[in-house]
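Report on one structure; see the data block that follows.
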Amino acid sequence: MEEILSQVFGIWYLIGAAFVFFMQAGFAMVEAGFTRAKNVGNITMKNTMDFCLGTVAFILIGYALMFGPGNQFIGFGLDPLFDFAGTNWALFTFNLVFCATAATIVSGAMAERTKFISYCIYSVIISALIYPIEARWIWNADGFLALMGFHDFAGSTAIHYVGGICALIGASMLGARIGKFDKDGKPNGIPGHNILVGALGVFILWFGWYGFNGAAATNGLQLSTIFATTTIAPALAAVTTMIYTWVKYGKPDVAMTLNACLGGLVGITAGCDAVNALGAAIIGIVAGLIVPFMTWLLDYKLKIDDPVGAVPVHFACGIWGTIAVGLFACGTDTMPVPVGLFYGGGFGQLGIQLIGLLSVGLWTAVTITLTFYAIKKTIGLRVSAHEEIVGLDLMEHGIETCYAGFAMETETLGGSEEEIAEVETEGLSPYQPKVDLKDAVVTEVVPGTHKMTKVSILTNMDRFEKLKKELEKIGIGGMTVSNVMGMGVEKGQTTYYRGAKVQSRLLPKMQADIVVSEVPVEEVVKAAQKALYTGNMGDGKIFIYPVSDVIRISTGATGKEALDYEDHPKA
């Protein structure tokens, strides 16, 4: 019977690994849904390569560091690539999918403005070096934290806290997305493009978490209690955040509540086998308060832009989940003796948990900071402002849209001229020819005989804020702005899909339409040229049309009177 049970739970261990692998789909959907449509392909690629690059790194380096013979801190000597018979493949596979999870966490916090090549590099570092060494300390029987009695059953520290630290440091070093903070430092909300996709990702992650937490169970009682605590904590976290946001903002916040589910799951991961239902409920409630608080702290105090909420969910709730073991471990099948502070266990286990957080945090923070610093000083971490505004799908992967056949709203949020200049790394688009100023700037605009003139300006999206400021300087108080797709004689940028050249080369543009009467057309043209000129064929075009008449709907005024504004009488 013991042999049969051993085989059954050995098979369940691998099934649990498959559950965790499926969580990659959940992470991809959460990150894609909570970010903008123009970056969905980039996020999909990153989540794919997390696992694929992670497999290469783990099989070459990581597995030996984690499970090879060595000392309490580092292993060596194993070579699963060439030692097929001598490798514990169940152990390898399970820790590989865990390793990929740690790397995936980082992509959400650094989404929408990170170079793909830079992402690939630091993802490999996490999989090859950071995760295997700290996970050895925790889960290898010879690891120094394991020998101390540190308890992290499924990875609140080893996976989520580590991924959260990397996400926090990476987002801080990378800087906020253009338009996230105004000139006074107040955060602007940048909604994700598809909350339904994000919600589906959360449910996939919750489903996968039953394998994440339960795969290492060795008997039915242990597995059933793990399933129970893995259900209670996220449910209570979601209810708590729903009530909190309902009271604070007047409406229950959907995205925050979804993140709270994940926060509750992260919080219960370390002690899922060691706490009872009451402990799981309290862990979930506290996680449900941590997520909105940490989100506020990042936005309003620390000024760190985390598009999907990876830092509140994984970093903050990972810390809480690890500490919670020292508070609520009540005496279960895994830990028969209660060691939690609130169950008479004293401060011993709590102290060990804090030592584990400190040591793992120090190792992770130093290593990832050096990695990010080296990348930033060599190939760079961040894309140019032009690439960020147009979208990483097109600029990094040549995908004009991930939603071919669907009408999608073009992104309009732009930053200030100073903000764009601060993050800009390339002044000119690399794929367009440079022209001389004398060929690009007209020397004279012949005035028309009409009383009113319409000026239509087509420009790249990343130059629009500068254009608006220049027009305001000459007294233009009103304009109509449209998101358009177009191409000039240069035919746009050549793109490919599955290796075949894509015939359509329409690029996203902004069109500003202005009707002027007393402001000279020449001034409008010169202001537009000043704002838009970079010396590239794709800088834009200006079209000038005579206007027969204008009627203001609200007052019935016609002609020039219809264009007059109280604050801008010259418009």
Side-chain angles (χ1 to χ4, degrees), residues 2-3 5-7 9-14 16-17 20 58-59 61-80 83 85-99 101-102 127-162 211-219 222-223 226 269-274 318 321-322 325-326 329 331-337 339 345 348-364:
E2 289 181 1
E3 177 64 22
L5 288 175
S6 176
Q7 290 292 326
F9 280 94
I11 294 170
W12 160 244
Y13 186 65
L14 290 174
V20 178
F58 196 69
I59 198 170
I61 303 172
Y63 182 72
L65 293 177
M66 186 172 178
F67 292 109
N71 52 45
Q72 296 182 18
F73 301 95
I74 192 169
F76 48 82
L78 293 183
D79 191 358
D83 185 12
T87 299
N88 184 335
W89 289 108
L91 194 64
F92 172 88
T93 304
F94 190 77
N95 280 277
L96 170 60
V97 294
F98 266 48
C99 181
T101 301
S127 297
L129 188 65
I130 295 176
Y131 167 79
I133 289 179
E134 55 87 8
R136 179 186 181 88
W137 301 347
I138 296 170
W139 287 328
N140 192 309
D142 296 329
F144 86 95
L145 289 177
L147 293 173
M148 289 177 60
F150 181 79
H151 188 83
D152 183 14
F153 188 78
S156 286
T157 294
I159 307 293
H160 300 285
Y161 173 59
V162 166
F212 197 96
N213 283 358
T218 56
N219 60 66
Q222 189 182 74
L223 182 59
I226 290 172
T269 296
C272 59
D273 66 319
T322 305
V325 173
T332 61
D333 183 71
T334 307
M335 301 176 68
V337 178
V339 295
Q349 187 64 42
L350 181 60
I352 293 172
Q353 298 300 108
L354 293 174
I355 291 172
L357 284 172
L358 180 61
S359 56
V360 171
L362 185 62
W363 158 249
T364 304

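Index from 1, following the sequence.
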Query raised in the report: What are the two closest non-hydrogen atoms of Gly321 and Ala270, and how far apart are they?
Result: O-CB, 3.7 Å
Query raised in the report: For residues 349-362, which residue pairs qualify under side-chain hydrogen bond (donor to acceptor under 3.5 Å, both in side chains), counting only residues two or more places apart or in two chains?
Result: Gln349-Gln353
Query raised in the report: Where is the tightest heavy-atom contact between Ala215 and Phe94, given as atom of each residue plus distance?
Result: CB-CE1, 3.3 Å
Query raised in the report: To the nearest 0.5 Å, what is the distance between CD1 (Ile159) and OG1 (Thr269)?
Result: 9.5 Å
Report summary line: Leu65 meets the side chain to side chain contact (heavy atoms under 4.5 Å, CB included) criterion, sequence neighbours left out, with Ile61, Ile74, Leu129, Pro132, Ile133
Query - Centroid separation Phe92 to Trp89 less than 6.0 Å - result: yes
Report summary line: Residues at least two apart in sequence or cross-chain that pass side chain to side chain contact (heavy atoms under 4.5 Å, CB included) with Asn95, listed by chain then number, are Tyr13, Phe58, Met66, Phe67, Leu91, Tyr131, Trp139
Query raised in the report: Between OG1 of Thr101 and CG of Leu96, what distance do you get to the nearest 0.5 Å?
Result: 9.5 Å
Report task. Over all heavy atoms of both residues, which pair between Ala146 and Asn140 is shortest? Give the atoms and the distance, please. Result -> CB-O, 3.4 Å
Query raised in the report: Heavy-atom distance under 4.5 Å between the side chains of Pro80 and Asn88, does that happen here?
Result: no
Query raised in the report: Considering all heavy atoms of both residues, which atom of Ile138 and which atom of Ala158 are nearest to each other, and what is their separation?
Result: CD1-CB, 3.8 Å
**Report entry** Contact summary for Val20 and Gly211, nearest pair of heavy atoms
**Finding:** CG2-C, 4.0 Å
Requested in this report: For the pair Leu357 and Tyr161, evaluate side chain to side chain contact (heavy atoms under 4.5 Å, CB included) and give the outcome as yes or no after the intermediate values.
Outcome: CA-CA 8 Å; Leu357 284 172; Tyr161 173 59; 3.8 Å; yes
Requested in this report: Might you work through the side chain to side chain contact (heavy atoms under 4.5 Å, CB included) test for Leu78 and Asp83, ending with a clear yes or no?
Outcome: CA-CA 8 Å; Leu78 293 183; Asp83 185 12; 5.7 Å; no
Query raised in the report: Which pairs count as side-chain hydrogen bond (donor to acceptor under 3.5 Å, both in side chains) when at least one residue sits in residues 61-78, sequence neighbours excluded?
Result: none
Report summary line: Separation between CH2 (Trp363) and CD1 (Ile130), nearest 0.5 Å, reads 7.0 Å
Query raised in the report: To the nearest 0.5 Å, how far apart are OG in Ser6 and CG in Asn219?
Result: 12.5 Å
Query - Under 3.5 Å donor-acceptor, Trp12 side chain and Gly214 backbone - result: yes
Query raised in the report: Residues two or more places apart in sequence or in another chain: which of them pass side-chain hydrogen bond (donor to acceptor under 3.5 Å, both in side chains) with Thr87?
Result: none
Report task. Measure the CD-CZ distance between Gln222 and Phe9 for me, rounded to the nearest 0.5 Å. Result -> 8.0 Å
Report summary line: In short, Ile226 meets Phe153 closest at the heavy-atom pair CD1-CE2, 3.6 Å
Requested in this report: Mind checking the CG-SG spacing from Leu223 to Cys272? Nearest 0.5 Å is all I need.
Outcome: 10.0 Å
Report task. Please collect all side-chain hydrogen bond (donor to acceptor under 3.5 Å, both in side chains) contacts where either partner lies in residues 141-160, sequence neighbours excluded, each pair once. Result -> His151-Asp273, Thr157-Thr322, His160-His314
